[in-house]
Amino acid sequence: MTSHRKSGPLSGGRRSGPLRSAALGAALGLLSLAPQAQATDIEANFGITVAGIPVGSGTVSASVSGHNYSIDAFAKTSGISRLFIDSKGRAISKGSFSGDRMLPSMYALNSKEDKIHNVVQIAMRSGNVSDFSASPPLSQHSDRIPLRKVHTRGIVDPLSSLLISVPSNSDRVGKAVCDRTVRMFDGRWRYNIELFYKGTKDVKTVGENSYSGPATVCGARIRFVAGHRPNKKSTQFMEDNKDLEAWFVPVGDEPVVAVYRLQIGTMVGRMVLTARELTIK
């Protein structure tokens, strides 16, 4: 891993923008669970659609023991989408819970999109980035907002961000879930995801010990902080994007919720990631 500097642009890939990073991170982190007194193993299968057309799938294996968690996930394109883009990726994340905070200790992403190989590694201590690397590097442009050390403090990675701690068990459904801003760092971009309450829905997943019950629906807005180009069309599209939602379900006995569904408006149609099967052992 290569340590980041206090000034200058963040190293990163040209085709892996915050939209793609958020979607992949959400896919790979879907349905991570809250801390339990005993170790809990989770196996989840999910589907990805764009404009209602299936374009990908993935699996998640997670383990939660006490205040520690680890997530290992894989996602790939499938079906007709492979005629346009062939991609697959694996990501892992580890960390701990401290009160109402997520404290990731490491995040790694290894993905391939057509012939572009994308590798990201982040090491963290108490929510602050201590070291990171991202390859290939971002293209050099004078309008790119440089990533500085201050931007990498008090953050979570894309997988860990799929868990949210709430004040109490009675707050696992409702406005308390959505009333927050997630400070995201994916190894290239620093951006905030502002959540706001929209309502609740009843959901059900397939499989033994599957979740069935209420989900809190949060609307979301993206605000870029560093590593981005403010005048780029894709940046402006995402900041103006009002077709963003995250659904959270209560899992386990702790005051924690996890993402069940993610909705992202894209330039080619609405992308939706939804858990189809979930097994808890």
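Reckoned from all heavy atoms, side chains included, excluding hydrogens, waters and symmetry mates.
Contact of the R190 side chain with the L147 side chain is registered, since non-hydrogen atoms from C-beta on lie closer than 4.5 Å. Taking 4.5 Å as the limit, some side-chain heavy atom of K88 sits within range of a side-chain heavy atom of F74. Looking at L159 and Y107, their side chains come closer than 4.5 Å, going by heavy atoms from C-beta outward. A 4.5 Å side-chain heavy-atom check between M102 and Y69 finds at least one atom pair inside the cut-off. Two residues are said to be in side-chain contact when any heavy atoms from C-beta on lie closer than 4.5 Å; I145 and P230 meet this criterion. Looking at M124 and S105, their side chains never come closer than 4.5 Å, going by heavy atoms from C-beta outward. For the pair R144 and S139, the minimum side-chain heavy-atom distance is below 4.5 Å. The closest side-chain heavy-atom distance from N118 to E113 is not below 4.5 Å.
A donor-acceptor pair shorter than 3.5 Å can be found between the side chains of S93 and D157.
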Verdict with supporting geometry, V119 and L109, side-chain contact (heavy atoms from CB on, under 4.5 Å): CA-CA 6 Å; V119 179; L109 171 67; over 6 Å; no

Please walk me through it: do I222 and N241 pass side-chain contact (heavy atoms from CB on, under 4.5 Å)? CA-CA 8 Å; I222 291 181; N241 196 340; over 6 Å; no

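Residues meeting the salt bridge (charged side-chain N to carboxylate O under 4.0 Å, His left out) test with D243, sequence neighbours left out: R270. By the side-chain hydrogen bond (donor to acceptor under 3.5 Å, both in side chains) test, S170 is found to be paired with S168, residues two or more places apart in sequence or in another chain being considered. Residues passing the side chain to side chain contact (heavy atoms under 4.5 Å, CB included) test with Y197 are K175, C178, T200, T216, sequence neighbours excluded. E239 is linked by a salt bridge (charged side-chain N to carboxylate O under 4.0 Å, His left out) to nothing, counting only residues two or more places apart in sequence or in another chain. Residues satisfying the side chain to side chain contact (heavy atoms under 4.5 Å, CB included) criterion with T181, sequence neighbours excluded, are N192, E194. A220 meets the side chain to side chain contact (heavy atoms under 4.5 Å, CB included) test with I193, L195, L244; sequence neighbours excluded. K198 is linked by a salt bridge (charged side-chain N to carboxylate O under 4.0 Å, His left out) to E245, counting only residues two or more places apart in sequence or in another chain. Every residue meeting the side-chain hydrogen bond (donor to acceptor under 3.5 Å, both in side chains) condition with N110, not counting sequence neighbours, appears here in chain and number order: H117. In this view, D143 and R229 satisfy the salt bridge (charged side-chain N to carboxylate O under 4.0 Å, His left out) rule, not counting sequence neighbours. Legend: residues meeting side chain to side chain contact (heavy atoms under 4.5 Å, CB included) with R125, ordered by chain and number and at least two apart, are S130. Annotation: side-chain hydrogen bond (donor to acceptor under 3.5 Å, both in side chains) contacts of R221 (sequence neighbours excluded): none.
Hydrophobic clustering keeps F248 apart from V173 (ILVMFWY residues linked when any side-chain heavy atoms are closer than 4.5 Å, directly or through intermediates). In the hydrophobic cluster analysis, where Ile, Leu, Val, Met, Phe, Trp and Tyr join through side-chain heavy atoms closer than 4.5 angstrom, L103 is grouped apart from V257.
Counted within 6.0 Å of CZ on R223, heavy atoms from surrounding residues, nucleotides or ligands total more than 12; the atom is thus considered enclosed. Within a 6.0 Å radius of CG in N128, other residues, nucleotides and ligands contribute more than 12 heavy atoms.
Summarising the geometry of A215 relative to V249, their closest heavy-atom pair is CB-CG1, 3.7 Å, with the distance given to 0.1 Å.
To the nearest 0.5 Å, atoms OG1 (T274) and CD1 (I48) are separated by 10.0 Å. With values rounded to the nearest 0.5 angstrom, S161 atom OG is found 3.5 Å from M184 atom CE. To the nearest 0.5 Å, atom NE2 of residue H228 and atom CH2 of residue W189 are 11.5 Å apart.
Results of the side-chain contact (heavy atoms from CB on, under 4.5 Å) test with F46 over T205, V60, T59 single out V60 as the only residue that passes.
Hydrophobic cluster membership for I92: M106 (Ile, Leu, Val, Met, Phe, Trp, Tyr linked by side-chain heavy atoms under 4.5 Å, directly or transitively).
The aromatic rings of F185 and F132 lie perpendicular to each other, with more than 60° between the two planes, well past the 30° mark.
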